[in-house]
2 protein chains.
Amino acid sequence: MHELEDLKDAGLKVTLPRIKVLEVFRSAKTRHLSAEEVYHRLAAQQADIGLATVYRVLTQLEEASMLARNTFNAGKAVYELNEGKHHDHLICLDCGRTEEFNDPTIEKRQKVVAESFGYALRDHQLALYGYCPDCAAKRAKG
Amino acid sequence: MHELEDLKDAGLKVTLPRIKVLEVFRSAKTRHLSAEEVYHRLAAQQADIGLATVYRVLTQLEEASMLARNTFNAGKAVYELNEGKHHDHLICLDCGRTEEFNDPTIEKRQKVVAESFGYALRDHQLALYGYCPDCAAKRAKG
DNA sequence: AACGATATTGAGAATTATTCGCGACAGCCG
DNA sequence: CGGCTGTCGCGAATAATTCTCAATATCGTT
């Protein structure tokens, strides 16, 4: 439970909503959850936590580097536990299944590109979209 | 004006809103424009085109591959003329200035990564964020 | 050049995702 | 255990985008 320490280190009080939200992520099969999804899961387990609070907590946990935020190509943000190791995503256009990957070559080139423009690279977002093996097969027939 | 032909090829009628929206992009200094920005520019030149129409036209022109859509990390979409050559973006976190680049190595690795997961790559989105030379200098002092 | 089937538009209401404002309440330092 | 303050829940407020529908414009056909 050193997560409670992480909260304190971020200057956040250890409150029920924050603990519960982290629990939801720890016990979720799906890695990426939207605010609405987190809210529903909390409601399902009788935790009476408002949607506005969920949004606030997600933002705070992201600022505390405990969660990572992604918007992919859609109109809503999803969060995932930040377990230290950075990674990018490969997303199936049909079923939404996502794979995580980290390609050192790509990472390296990004830095090179930024430097070639005189920029100090701070962050980046890379998402690959395609069809997963299963969906590709389904599409092949129709 | 082969753009009018492009419209027809996409099964779209050649209408004033569509022509005007394309004009806005062709004559804009800033490459990336949001729906709201396009709407205001049209209003400024007395073209009485509704915001809903702007949204519809942008979507259609994107489907016709005449515009490319990007969401970057923010809550709203921006569009730019699609001039055939694909590119990714490098964006300044301070002033919003954007640079376009295309790195063959990165493109190649993306395909390799997707294939290693058995995915058929269809699209991707890569945005690098950092500080441009000017803003980096400003930040250095304070 | 007018006709009419059909695609398109404008205006505002409706949705969706997220944030704000504020009175009530709960952590936490002493 | 007693506040000082950070937090919470709720509903209203925003922001971005889409939908509804009656009015209108486009374009292939006369």
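Below, chains carry the letters A, B, ... as their sequence lines are ordered, and counting in each starts from 1. Since this is a predicted model, take the numbers as computed values, not measurements.
In this structure, A:Leu16 reaches neither bases nor backbone, as no heavy-atom distance under 4.0 Å exists between it and the strands shown. In this structure, B:Thr53 reaches the bases: a heavy-atom distance under 4.0 Å links it to at least one base atom across the strands shown. Within the nucleic acid shown, B:Leu12 comes within 4.0 Å of sugar-phosphate atoms alone, with no base atom in reach, counting heavy atoms only.
Per the geometry, CD belonging to A:Glu63 stands 14 Å off C1' belonging to C:dT19, to the nearest Å. Between the NZ atom of B:Lys8 and the P atom of D:dG28 there is a distance of 7 Å, given to the nearest Å. When the C1' atom of C:dT19 is taken as reference, atom OH of A:Tyr39 falls 16 Å away, rounded to whole Å. When rounded to the nearest whole Å, the span between NZ of B:Lys20 and C1' of C:dT9 equals 16 Å. Counting to the nearest Å, the P atom of C:dC28 and the CG atom of A:Leu4 are 9 Å from each other. Between B:Leu33 atom CG and D:dT17 atom C1' there is a gap of 17 Å when expressed in whole angstrom units. Atom CD in A:Glu62 sits roughly 14 Å away from atom C1' in C:dT18 (whole-Å rounding). We find that CG of A:Asp9 is positioned 16 Å from C1' of C:dC28, with the value rounded to whole Å.
Residues B:Phe25 and B:Leu58 share a closest heavy-atom pair of CE1-CD2, 3.7 Å.
Judged purely by atom type and a 3.5 angstrom limit, B:Gln46 uses its side chain to pair as donor or acceptor with the backbone of B:Ala44.
Here B:Glu36 does not pair with B:Arg41 in a salt bridge; the nearest charged N to carboxylate O distance is not below 4.0 Å.
Under 3.5 Å, the side chain of A:Arg56 and the base of D:dG6 form no donor-acceptor pair of N or O atoms.
Heavy-atom nearest nucleotides on DNA chain D were determined for A:Lys13 and for B:Val78, and the one closer to the 5' end corresponds to A:Lys13. DNA chain C is contacted by both B:Asp48 and A:Ala35; B:Asp48 maps to the nucleotide lying nearer its 5′ end (nearest heavy atom per residue). Annotation: of the two residues near DNA chain D, A:Leu51 and B:Ala77, the 5′-most nearest-nucleotide partner is A:Leu51.
In this structure, the helix from C:dA1-D:dT30 to C:dG30-D:dC1 shows an angle of 30° between the axis at its start and the axis at its end, each fitted on 5 base pairs and rounded to 10°.
One side chain, B:Tyr119 or A:Glu99, offers a donor N or O that lies under 3.5 Å from an acceptor on the other. A:Tyr79 and A:Arg69 share a donor-acceptor pair across their side chains, judged by distance under 3.5 Å alone. When only modelled atom types and interatomic distance are considered, A:His87 and A:Glu80 share a side-chain donor-acceptor pair under 3.5 Å. No side-chain donor-acceptor contact under 3.5 Å links B:Thr59 and B:Arg56. With hydrogens and angles left out, the side-chain atoms of B:Glu37 and B:His32 include no donor and acceptor closer than 3.5 Å.
Ranking D:dT5, D:dG9, D:dA16 by closeness to the B:Lys76 side chain, first place goes to D:dA16. Nearest nucleotide to the B:Arg18 side chain, out of D:dC8, C:dT19, C:dT9: C:dT9. Side-chain atoms of B:Tyr55 lie closest to D:dT17 of the nucleotides D:dT17, D:dT7, C:dA17.
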